[in-house]
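Accompanying notes for the structure given below.
No experiment lies behind these values; they were computed from the predicted model shown. Heavy-atom basis, side chains included; hydrogens, waters and symmetry copies ignored. Each chain gets a letter, A, B and so on, in the order the sequences are listed, and its residues count up from 1.
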Protein chains: 2
Amino acid sequence: MAKQTSYTMRDVARLAGVSISTVSAVVNNKGIVGPELTSVVKKAIAAMNFSPNAGARGLRTGRTHMLGLVVQDITNPFFVEALRGVEDQAIEHGYEVLVCNSNDQSALELRHLNALHTKRVDGILLAPTDSYAVRETLSQDRAPVVFIDCVPLKAKVNCVVTDNFDACYNGVRYLIGLGHQRIAVICGRLTHSTSIDRVEGCRKAMQESNLLLREEHLHHGDSHIESGYRIGLSLLQSSDPPTAIFTLNNRMALGILRAITELKVPCPSRVSVMSFDDADWAEVVSPSLTTIGQPSYEMGKDAVDLLLRSILPATEQAEAKPQQIPLKSTLRVRGSTGPVYKK
Amino acid sequence: MAKQTSYTMRDVARLAGVSISTVSAVVNNKGIVGPELTSVVKKAIAAMNFSPNAGARGLRTGRTHMLGLVVQDITNPFFVEALRGVEDQAIEHGYEVLVCNSNDQSALELRHLNALHTKRVDGILLAPTDSYAVRETLSQDRAPVVFIDCVPLKAKVNCVVTDNFDACYNGVRYLIGLGHQRIAVICGRLTHSTSIDRVEGCRKAMQESNLLLREEHLHHGDSHIESGYRIGLSLLQSSDPPTAIFTLNNRMALGILRAITELKVPCPSRVSVMSFDDADWAEVVSPSLTTIGQPSYEMGKDAVDLLLRSILPATEQAEAKPQQIPLKSTLRVRGSTGPVYKK
DNA sequence: CTGTTAGCGCGTTCAC
DNA sequence: GTGAACGCGCTAACAG
């Protein structure tokens, strides 16, 4: 079993009594082999349980039919949904997906990117850990890249992203409409274009209502439960607590909810909570969580489509100008947000 | 960019003014090339941004340094955690992971398995969709397989699984200790060894207390929220509702909780809920959910270790007898379970 | 220590 | 329609 020596085309050719190229033609459905010979060959293939060696084929054709997907944090359900979209669409087109988790470390991300290059994947889907890092790795002679979720700053690239700015703008306007004035925003790391856009969206909505998103109302977390929990505790216990908390991702929201439960702060009567990213559990937590949902599955699908287009450029100009595919998010109002509390 | 023509060893050799094999020796750290030549070669490699073509290398060596991971349902956080363990451990040993989602369809699973064979992965981690399906595909001349979570029936295979039987036995004993007699068990598809073992564990615990796990108390769902929800509704609205509900996976528990919330049934005072699989949100839902947690990350890690051992057999006997690595689960008592309700 | 040579399994011209 | 020969990029013998 350690042998791992499968049959080759030569073996099949020998058994079928034809030449290698005939077998090749059959395997690749060239449609130039006579029907009776075709069936003989196919029988031989089945008998030997032959399957072509993709490595050798790739060496010859220059295509591996593999896509690389590099995500910052596979622990985040958002990326799992995107992964599903990627996989489904990849399968559809005869591609396999090499999944890499950067675990929020640029160094690991770079390592993955290099490994993918060595594997000669035909294209890469990248949800980068850092929008500032200059990626020399995606220059020249390497596979085309499509960014998802988060994009590099000041660079025109192929990407598919949510309307982060608008989503947060609308979200905050909704909160303001409820009468909230002291709104705390808990953002992820500002090295993500995603976080930056979201914060800007919040800022604009507040400015329009002559409210300021003051420094003390903008809290920096990462994307994990713990940071949401810690920030939630300090926020709720402060002398002048916000009447609404908007977390820019759903796991921090989970932390906030835990803090709220522990402190027995009535929600939404005392404090409203809203979160970016929808989740399975959003309807079941108590209170159910108002969220802004992203079409993550579609994001994965669209990204593969875009990537495939630059892998197989129909026309030359098709790959000339980088394309941005914007996706719309939707506000799902549930139980955790309500009118502001009046003394 | 569509060119995708990277530099080859020959290019590097030419630039460095050495022979191809010298470059190869440097690339593979053979340690047989003189220090000054080594540095010359390395400089050339860096200058050209050369990275070896893994396909060609694999063709030559018979190893691709790729592992395949096939899971029934990547949507399940349990498998995501396992995936993390797999990836981390694979990276550690210089392997990449080809992730495939069977989406609970045997046909798709088979397709993935064949694709992985064609890609000549060095080994496969498989969480099968069905314990009964006879997998001819994992016979002979194919890569070694390690099963995770769910195993084929009546077959000695390499696998790493949780102590499903014991876990449920202990869980149900805990419920019985609380005074519960009418315990409803909601299981996944009984084509999974996992489900079978869990149900048997429940059955034994109940028998020991002279309780019977009657047919009408065993409910068949899948592993999704919806089925939990539907079953929950019918259970709670029946004329003789159970005093405790034990779901054999956590997403069905989410469905149960939704039903409870909707019907405003007091939990745990009227009905206790317990679930297999722990989750992020288990502490935050209301009431917080009592669960049986599996060490899924370790499962992934251990599976890779086991797989690597059969890929690189130190001794012949190492691969001779299939090994089962059992993992222990832990009961996490939270707010959703309590003493039985007395009229 | 270093260079030369022969395939690994496949797809692809070409002659037949 | 079909078959023989070449080479994709690399590693492993072997010769120097």
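Inter-residue side-chain proximity for A/Ser131 and A/Arg189 is flagged as unmet; no heavy-atom pair is nearer than 4.5 Å.
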Please walk me through it: do B/Thr64 and B/Lys119 pass side-chain contact (heavy atoms from CB on, under 4.5 Å)? CA-CA 8 Å; B/Thr64 57; B/Lys119 291 282 191 292; over 6 Å; no

What do the steps show when you test A/Leu125 against A/Val304 for side-chain contact (heavy atoms from CB on, under 4.5 Å), and what is the final call? CA-CA 8 Å; A/Leu125 276 345; A/Val304 170; 4.0 Å; yes

Enumerate, atom names and distances included, each donor-acceptor pair closer than 3.5 Å involving a side-chain atom of residues 24-37 of chain A, sequence neighbours excluded.
| residue | atom | partner | partner atom | Å |
| --- | --- | --- | --- | --- |
| A/Asn28 | OD1 | A/Arg57 | NH2 | 3.0 |
| A/Asn28 | ND2 | A/Ser24 | O | 3.3 |

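Note that the first and last nucleotides of DNA chain C, 5' to 3', having any atom under 4.0 angstrom from a heavy atom of chain A are C/dC8 to C/dT12. Protein chain A touches strand DNA chain D; the 5'-most and 3'-most nucleotides with an atom under 4.0 angstrom of its non-hydrogen atoms are D/dG1 to D/dG9.
Applying the ring-ring contact (aromatic ring centres under 6.0 Å, His included) definition to pairs two or more places apart or across chains, none involves residues 31-64 of chain B. Applying the salt bridge (charged side-chain N to carboxylate O under 4.0 Å, His left out) rule to pairs touching residues 7-17 of chain B yields B/Asp11-B/Arg14, sequence neighbours excluded.
With sequence neighbours excluded, no residue satisfies side-chain hydrogen bond (donor to acceptor under 3.5 Å, both in side chains) with B/Asn76. Residues passing the side chain to side chain contact (heavy atoms under 4.5 Å, CB included) test with B/Ser21 are B/Ser19, sequence neighbours excluded. Every residue two or more places apart in sequence or in another chain that forms a side-chain hydrogen bond (donor to acceptor under 3.5 Å, both in side chains) with A/Asp73 is listed here: A/Arg251. For B/Phe78, the ring pair (Phe, Tyr, Trp, His ring centres under 6.0 Å) test picks out no residue, with sequence neighbours left out. Checked against salt bridge (Lys or Arg N to Asp or Glu O under 4.0 Å), A/Glu81 has the following partners two or more places apart in sequence or in another chain: A/Arg84.
Toward the 5' end of DNA chain C, the nearer of the two residues B/Val33 and B/Thr61, judged by each one's closest nucleotide, is B/Val33.
B/Phe50 comes within 4.0 angstrom of the backbone, heavy atoms only, and of no base.
The two residues B/Gln72 and B/Cys150 make their nearest non-hydrogen contact at NE2-CB, 4.4 Å.
Side chain of B/Asp122 to backbone of B/Leu67: no donor-acceptor contact under 3.5 angstrom is found.
Summary of helix geometry: the two end axes of the helix from C/dC1-D/dG16 to C/dC16-D/dG1, each defined by five base pairs via their C1' atoms, are inclined to each other by 40° (rounded to 10°).
For residues 18-28 of chain B, proximity to DNA chain D is found at B/Ile20, B/Ser21, B/Ser24, B/Asn28, defined as any non-hydrogen atom under 4.0 angstrom from a strand atom.
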